[in-house]
Amino acid sequence: MGRHTPLYDLHRTLGARLVDFGGWDMPVQYASQIEEHHAVRRAAGVFDVSHMCVVDLTGARTREFLRYLIANDVGKLTRAGKALYSCMLNETGGVIDDLIVYFLTDAAFRLVVNAGTRDKDLKWIRRHAQDFGVEVRERADLAMLAVQGPQARQKAVGLLAAGDRERALALPAFVGAQLADWFIARTGYTGEDGFEMMLPAGHAVDAWLALNALGVVSCGLGARDTLRLEAGMNLYGNDMDESTHPFESGLGWTVALEPAERRFIGREALQRVKAAGSARELIGLVLEDRGVLRSHQKVIAPGGTGEITSGTFSPTLERSIAFARIPSGPVARVEVDIRGKLLAARRVKPPFVRAGKALVS
Amino acid sequence: MSQVPADLHYTKSHEWVRELADGTVEIGITDHAQHALGDLVFAEVPDTGRVLGAGEPCAVVESVKAASDVYCPMAGEVTAGNPELAKAPELINQDAFGRGWLLRLRPASAARGALLSAAEYAELLRAEGS
């Protein structure tokens with residue numbers, strides 16, 4: 001038996017199919033994965049993401065610590081509540097995890113890290129935090145709901161006290177705020193507008209049911225995966241891990257090599273890659289033939305072979321899309337080996353879909 | 001509880017077999033199987049004339065989440081693959097025992113030894129906890 005979020009019993013009551021995800025028993029779908037996907041693209045859906053690990057960092061040197069710990073630069077964060085996406089690297093530039101960091105005050109930042117990497121992340125963070133006198137506190141007392149879709153924010157504020165609704169609706173993209181005992185952030189993993197809400201575990205069931213009553217559809221991790229891939233967002237463990245660096249994982253944009261004087265873990269390794277040029281790159285693919293791209297399928301490109309890292313059927317585009325890691329080069333078309341047949345795929349620049357709109361043909 | 005039509009035969013791997021008047025058989029996956037797989041988005045059916053052995057993979061059905069092989073319940077020669085599934089794989093979800101059929105086969109022999117009756121298949125589903 002895996003670990004359970006505060007919403008586990010409710011998921012069962014709602015008829016979800018539960019699967020193991022990173023050691024947690026999580027809902028993969030309720031009724032139809034495709035309908036859940038469309039609900040988020042067209043209206044609003046809610047996901048239980050309480051398995052993700054919220055970590056609060058406190059201490060006078062927290063900003064300095066994070067500038068050393070992660071590859072993106074929290075020095076960019078000046079507005080309270082502002083979020084930043086980053087990789088946390090090892091010394092060889094391999095990706096230990098990807099995470100979101102929220103700047104709360106100069107002495108307090110909040111991280112959200114992946115469920116499957118929780119233990120190694122906490123160990124790594126604690127090991128390095130000691131040198132900076134930073135306190136590391138896992139917030140297992142919080143549940144996290146992601147409410148996503150074009151109608152998500154308008155519906156979600158229905159759960160807040162009247163005085164907090166305007167403040168929540170006024171949050172710019174990628175900014176969060178503490179409103180009473182809920183932390184509400186305009187972030188997500190679907191390519192749609194919406195909130196991620198961290199709330200006391202004991203509030204989670206009532207919040208979920210209230211969202212359902214407002215017409216927000218219960219969505220499982222299956223729809224979350226098709227939504228994030230359409231949105232061109234990486235999944236840790238599929239698209240990058242400790243054996244790959246950000247430049248071959250489509251994540252070069254998250255690495256802040258400037259300012260040059262900032263020291264961070266993995267910097268030397270990444271500078272060497274940058275100077276030599278990355279031998280491999282992560283690209284987007286659209287399958288032109290019928291079929292479904294899946295992770296680990298072999299990709300035959302002009303410069304050599306590669307592999308699909310994430311692939312699925314895209315409910316919005318009604319065809320198969322994928323990320324693939326291939327030798328770097330100006331490649332427009334590849335072939336993918338699906339059960340011994342070579343099928344044609346075209347390179348596209350992710351995202352595939354954003355804010356309900358197809359961005360590739 | 002999934003549907004288990006009484007006039008069909010079944011396999012432990014959740015295929016169904018219908019005896020047709022011309023001596024061929026029609027093969028598909030059961031309502032239980034389509035439900036377990038979820039929304040189907042792709043089906044690959046065999047070409048007419050292909051000779052299949054019993055238990056050989058004869059078709060592939062893919063949901064959003066995963067690809068699954070379908071195993072041929074008996075040896076024989078394919079007389080048709082369902083042409084509608086190329087455009088509408090969701091027919092398997094909507095009508096697993098009807099328009100969602102996968103292939104038709106001329107069996108190599110009259111023996112049907114390994115197949116389950118509807119009652120036996122229903123019992124198998126109960127034992128699997130569904």
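In what follows, chains are A, B, ... by sequence order, proteins preceding strands, each numbered from 1. Everything quoted here is computed from the prediction, not taken from an experiment.
The contact between A/Ser32 and chain B is made by backbone and side chain atoms together, counting heavy-atom distances below 4.5 Å. For A/Arg294, the part lying near chain B is the side chain, with the backbone staying farther off; criterion is any non-hydrogen pair under 4.5 Å. At a 4.5 Å heavy-atom cutoff, the contact between B/Ala36 and chain A is made by backbone atoms alone. Looking at B/Ala43, only its backbone comes within 4.5 Å of chain A, counting heavy atoms on both sides.
Atoms CD and CD1, from B/Glu62 and A/Ile338 in turn, are 7.0 Å apart once rounded to the nearest 0.5 Å.
Highest contact tally toward chain A, considering only B/Gly38, B/Ala66, B/Ser63, is held by B/Ala66 [criterion: heavy-atom pairs under 4.5 Å].
For the residue pair B/Val64 and A/Ile34, the shortest heavy atom distance occurs at CG2-CG1, 3.7 Å.
Judged by distance alone, the side chain of A/Arg290 and the main-chain N or O of B/Glu44 form no donor-acceptor pair under 3.5 Å.
Residues from residues 339-354 of chain A that place a non-hydrogen atom less than 4.5 Å from a non-hydrogen atom of chain B comprise A/Arg339, A/Lys341, given in numerical order.
Other residues, nucleotides and ligands contribute only 12 or fewer heavy atoms inside 6.0 Å of the CG atom of B/Asp47.
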